[in-house]
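Structure below; questions to follow.
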Amino acid sequence: MHEKIHKLEMPKGIKKLRQCGITESVTQSFKCFVKSRQYGETLASRRAWIYDEFKFKVIMSRMNEDYTLSCRCLLKCLENEDVTQMVLSPITVTALDFADRILEWYRDLTQPSDKKKVNLVSVIDNGTGKTISFDNGSKIICTASRDRVKGYGGDLLVLEFAWNRHADEIYLVMCALLTWGKQVEVASRPKTTDPDCEAMKLFEKLLYGSNLERHIWIMP
């Protein structure tokens, strides 16, 4: 079984980041978004898992990671052709907010004068979220509908897994997608208000008791 656990601390700026050994293949897009005054240090400290391309990742954080996760989703589309990602949220409001964050990142990271720019083709309301498509064939489906996941065959990001009432159904879909060679990422805050709920127990299993090969990221 392949299991790699990362406990990520908060490096103070790029210099400290380099001292931690996180230096290889710093892309131009990363150099752009770490300049953000409010979130630059947070993003810099999370660069390692943003660019971790292992097929199965489990991310636990005490804070909401949507800002960083939405950036990763966008970079994945901008840097790869014909990638389909579904982002499954527990509620519609979260799905809509996540889609809006992706669009904000797109405006921040792309320049009209860039000849190699990947263009935004459409943003379509899908009932419980938005579907964002690009001219390189990649798209992001932000949704709160678990029914959309059934029969789905692309990469999957699950937000707030420990807070989802249908975590058991989603878990089965995740296992199927991993069997098909797709990338699955699970990110959640721990549900400390109800640690004995089934979703939280299943999230703890993904973190510490699963036989699935995975990278585990534990955020401060």
Side-chain angles (χ1 to χ4, degrees), residues 8 39 42-43 46 49-77 83-106 123 125-132 138-150 152 154-178 182-195 197-207 210 212 214-220:
L8 194 62
Y39 295 100
T42 301
L43 287 164
R46 281 149 171 75
W49 69 259
I50 287 174
Y51 286 102
D52 178 8
E53 294 299 337
F54 199 72
K55 286 296 184 183
F56 186 28
K57 293 190 297 183
V58 183
I59 303 159
M60 181 178 75
S61 179
R62 298 290 173 180
M63 61 183 283
N64 187 302
E65 294 288 347
D66 287 3
Y67 186 82
T68 319
L69 289 165
S70 58
C71 183
R72 168 171 165 73
C73 278
L74 177 62
L75 292 177
K76 191 172 174 182
C77 280
V83 170
T84 299
Q85 303 175 76
M86 180 175 288
V87 182
L88 181 62
S89 301
I91 56 176
T92 299
V93 172
T94 307
L96 291 170
D97 286 347
F98 196 87
D100 288 342
R101 286 186 181 274
I102 291 171
L103 296 173
E104 288 173 9
W105 273 122
Y106 181 80
V123 180
D125 189 319
N126 61 35
T128 62
K130 295 178 182 178
T131 299
I132 304 168
S138 293
K139 67 178 177 179
I140 305 170
I141 306 166
C142 300
T143 181
S145 172
R146 74 184 192 280
D147 291 332
R148 291 198 64 136
V149 180
K150 297 173 182 178
Y152 170 70
D155 294 346
L156 178 65
L157 166 61
V158 183
L159 302 178
E160 299 294 17
F161 182 88
W163 300 74
N164 198 306
R165 294 182 296 115
H166 308 290
D168 53 344
E169 297 178 32
I170 297 166
Y171 177 80
L172 295 177
V173 173
M174 287 163 39
C175 292
L177 291 174
L178 289 169
K182 303 302 179 181
Q183 187 176 54
V184 175
E185 299 168 274
V186 178
S188 186
R189 294 169 298 149
K191 192 172 184 180
T192 54
T193 56
D194 188 9
C197 72
E198 290 304 314
M200 185 58 204
K201 288 180 180 178
L202 196 50
F203 185 55
E204 288 181 337
K205 179 181 177 181
L206 290 174
L207 283 168
S210 175
L212 296 169
R214 66 208 185 280
H215 281 185
I216 300 167
W217 290 89
I218 300 176
M219 303 299 163

*Once you round to the nearest 0.5 Å, how far does SG of C73 lie from CD1 of I140?*
5.0 Å
_Quick check: do L157 and L88 have side-chain heavy atoms less than 4.5 Å from each other?_
no
*asked:* Which label fits Y67 and W105: parallel for a plane angle under 30°, tilted from 30 to 60°, or perpendicular past 60°?
replied: tilted
*Residue pair I102, K130: steps toward the side-chain contact (heavy atoms from CB on, under 4.5 Å) verdict*: CA-CA 11 Å; I102 291 171; K130 295 178 182 178; over 6 Å; no
*Can you tell me how far CG of L207 sits from CG of L202, rounded to the nearest 0.5 angstrom?*
10.5 Å
*Could you tell me the separation between the CG atom of L212 and the CG atom of L206, rounded to the nearest 0.5 Å?*
7.5 Å
*Looking at side-chain heavy atoms only, is the closest gap between M200 and P190 below 4.5 Å?*
yes
*Roughly how far, to the nearest 0.5 Å, is OG of S89 from CG of D66?*
7.0 Å
*Is the shortest heavy-atom distance from the side chain of Y106 to the side chain of I132 under 4.5 Å?*
no
*Kindly give the heavy-atom pair with the smallest separation between L159 and F98, and that separation in Å.*
CD1-CD1, 3.5 Å
_Close side-chain approach of V158 and F203, heavy atoms under 4.5 Å_ = no
_Sub-4.5 Å side-chain heavy-atom contact between E198 and D168_ = no
*Heavy atoms from other residues, nucleotides or ligands near NZ of K205 exceed 12 (cutoff 6.0 Å)*: no
*Below 4.5 Å, heavy atoms only, C-beta onward: do R214 and V186 meet side chain to side chain?*
no
*Distance-only, no hydrogens or angles: does the Q85 side chain make a donor-acceptor pair with backbone N or O of G154 under 3.5 Å?*
no
*Is there a donor-acceptor pair under 3.5 Å between the side chain of K57 and the backbone N or O of D52?*
yes
*Shortest non-hydrogen contact from A95 toward G129*: CB-CA, 4.2 Å
_Under 3.5 Å, is there a donor on one side chain and an acceptor on the other for T92 and T128?_
no
*Backbone N/O of F54 and side chain of Q183: donor-acceptor pair under 3.5 Å*: yes
*asked:* A side-chain contact here means heavy atoms from C-beta on lying under 4.5 Å apart; do W163 and T94 qualify?
replied: no
*Distance from M60 atom CE to R189 atom CZ, nearest 0.5 Å?*
12.5 Å
*Compare every heavy atom of A162 with every heavy atom of C197, then report the nearest pair and how far apart it is.*
SG-O, 4.1 Å
_Test side chain to side chain contact (heavy atoms under 4.5 Å, CB included) applied to V149 and M174, H166, M86, the passing residue_ = M86
*Can you find a heavy atom in the side chain of I170 that is under 4.5 Å from one in the side chain of F161?*
yes
*Check for a donor-acceptor pair, side chain of T131 on one end and backbone N or O of N126 on the other, with a separation under 3.5 Å.*
no
_Greater than 12 external heavy atoms within 6.0 Å of K139's NZ_ = no
*Atom CG of L172 and atom CG of L177: how far apart are they, to the nearest 0.5 Å?*
11.0 Å
